[in-house]
Amino acid sequence: MQNYWISWFSINKMTMTFGELIKKYTWDQLKDLFFNLYPDEVVRLRHYAKAYTDLMKVKPLPTKYELHVKLIIYDRETNVYTGSVYGVIPDLKPEGDEFFINEFSIELTDWGEWVSMPIHESTLQSMPEQEIIAHCMHELTWCGYTNAYIQTQLKRNAN
């Protein structure tokens with residue numbers, strides 16, 4: 001199985017943002033690839049279509065991160081890709097902890113930050129743009145198909 005992870009690193013230079021990237025493609029241009037990568041999600045077609053449309057309208061929020069998508073594993077039998085997401089905050093390393101892993105789950109991140117994130121150059125060079133979008137769409141809808149629902153879940157989990 002081929003997995004991707006998406007991580008956030010501090011911004012070093014300007015590149016295309018995720019919001020700019022999604023505006024280059026319609027859902028109709030992406031859906032076949034998305035469901036080839038995530039075949040179990042085809043039953044939720046209308047939810048993903050609406051989420052993509054909503055994402056296009058999201059107001060960008062400031063972010064200090066950039067987006068990375070990297071290959072982890074590939075399943076040749078099923079030819080299926082899946083995604084895992086990690087947030088990475090550079091320069092965050094507790095003193096005296098040489099084994100600290102600077103990776104965080106980000107599926108509850110506000111969509112405004114997603115659309116503001118510059119996409120790391122290595123990601124843009126290593127895979128097609130539509131594939132980047134597909135993996136990010138799967139991850140940012142992991143906990144729900146609207147930004148409002150995801151933020152409600154975040155608040156509920158905080159209590």
Side-chain angles (χ1 to χ4, degrees), residues 3-31 33-34 37-38 41 44 46-72 81-97 99-159:
N3 292 315
Y4 287 82
W5 82 78
I6 301 170
S7 59
W8 300 13
F9 292 90
S10 67
I11 299 168
N12 292 321
K13 58 184 173 178
M14 294 304 294
T15 183
M16 180 183 342
T17 65
F18 183 61
E20 292 167 339
L21 179 60
I22 64 172
K23 290 185 179 184
K24 292 175 70 174
Y25 301 96
T26 66
W27 177 248
D28 285 339
Q29 292 173 302
L30 297 168
K31 67 182 178 184
L33 172 64
F34 181 87
L37 296 172
Y38 299 100
E41 300 299 319
R44 296 173 191 86
R46 67 183 176 87
H47 298 296
Y48 282 103
K50 175 132 177 34
Y52 193 76
T53 301
D54 292 348
L55 186 62
M56 296 271 219
K57 300 173 189 171
V58 169
K59 180 181 176 187
L61 294 174
T63 189
K64 60 183 176 183
Y65 305 107
E66 66 184 24
L67 191 57
H68 291 243
V69 181
K70 296 183 181 180
L71 173 64
I72 301 173
Y81 299 78
T82 60
S84 298
V85 175
Y86 300 91
V88 176
I89 302 173
D91 305 324
L92 177 63
K93 183 171 172 81
E95 284 187 40
D97 187 353
F99 300 106
F100 178 74
I101 298 173
N102 190 9
E103 296 177 348
F104 304 91
S105 175
I106 59 171
E107 68 265 8
L108 294 174
T109 300
D110 191 289
W111 290 5
E113 284 196 55
W114 277 92
V115 298
S116 296
M117 296 181 96
I119 303 167
H120 191 269
E121 185 178 324
S122 65
T123 296
L124 290 168
Q125 292 175 355
S126 66
M127 71 183 66
E129 292 177 345
Q130 292 174 325
E131 196 169 322
I132 295 167
I133 296 170
H135 292 298
C136 291
M137 282 301 298
H138 186 257
E139 192 58 38
L140 69 88
T141 58
W142 186 257
C143 295
Y145 299 98
T146 68
N147 192 40
Y149 181 79
I150 291 168
Q151 295 312 301
T152 300
Q153 292 300 104
L154 180 62
K155 289 175 187 168
R156 187 173 296 156
N157 289 342
N159 293 330

With the side chain counted from C-beta on, respond yes when Tyr52 and Asp28 share a heavy-atom pair under 4.5 Å apart, and no when they do not. no
Would the distance check show the side chain of Gln151 and the main-chain N or O of Leu108 forming a donor-acceptor pair, the cut-off being under 3.5 Å? yes
Run the side-chain contact (heavy atoms from CB on, under 4.5 Å) test on Leu140 and Leu55 for me, step by step, so that the C-alpha distance in whole Å, both residues' side-chain angles and the decisive distance to 0.1 Å come before the verdict. CA-CA 10 Å; Leu140 69 88; Leu55 186 62; 4.0 Å; yes
Evaluate the side-chain proximity of Tyr145 to Asp54: yes if any heavy-atom separation is below 4.5 Å, no if none is. no
CD1/Ile133 to CD/Gln29 distance, rounded to the nearest 0.5 angstrom? 9.0 Å
I need the minimum non-hydrogen distance between Cys143 and Glu107, along with the two atoms involved. SG-CG, 3.3 Å
Backbone N or O of Leu61 within a donor-acceptor pair of the Ser116 side chain at under 3.5 Å? yes
Nearest 0.5 angstrom please: Leu21 CG to Leu124 CG, how far? 7.0 Å
Ignoring hydrogens, what is the shortest heavy-atom contact between Met56 and Ile22? Give both atom names and the distance. CE-O, 3.1 Å
Full working for side-chain contact (heavy atoms from CB on, under 4.5 Å) between Met127 and Val69: CA-CA 9 Å; Met127 71 183 66; Val69 181; 3.6 Å; yes
How close do Phe34 and Ala134 get, counting heavy atoms only, and between which atoms? CE1-O, 3.4 Å
Keeping Glu20 on the side-chain end and Thr17 on the backbone end, is there a donor-acceptor pair under 3.5 Å? yes
Student check: side-chain heavy atoms of Trp114 and Leu67 closer than 4.5 Å: yes
Can you spot which of Phe18, Trp142, Tyr38 makes a ring pair (Phe, Tyr, Trp, His ring centres under 6.0 Å) with His135? Tyr38
Shortest non-hydrogen contact between Glu113 and Pro62, atoms and distance: CG-O, 3.7 Å
With a 3.5 Å distance limit and no angle check, can you tell me whether Glu139 reaches the backbone of Cys136 through a side-chain donor-acceptor pair? no
If you take all heavy atoms of Thr141 and Trp111, which pair is closest and at what distance? CG2-CZ2, 4.3 Å
Report the C-alpha separation of Gln130 and Tyr25 in whole Å, then their side-chain angles, then the decisive distance to 0.1 Å, and conclude whether the side chain to side chain donor-acceptor pair (under 3.5 Å) test is met. CA-CA 8 Å; Gln130 292 174 325; Tyr25 301 96; 5.0 Å; no
Is the shortest side-chain heavy-atom distance between Tyr48 and His138 below 4.5 Å? yes
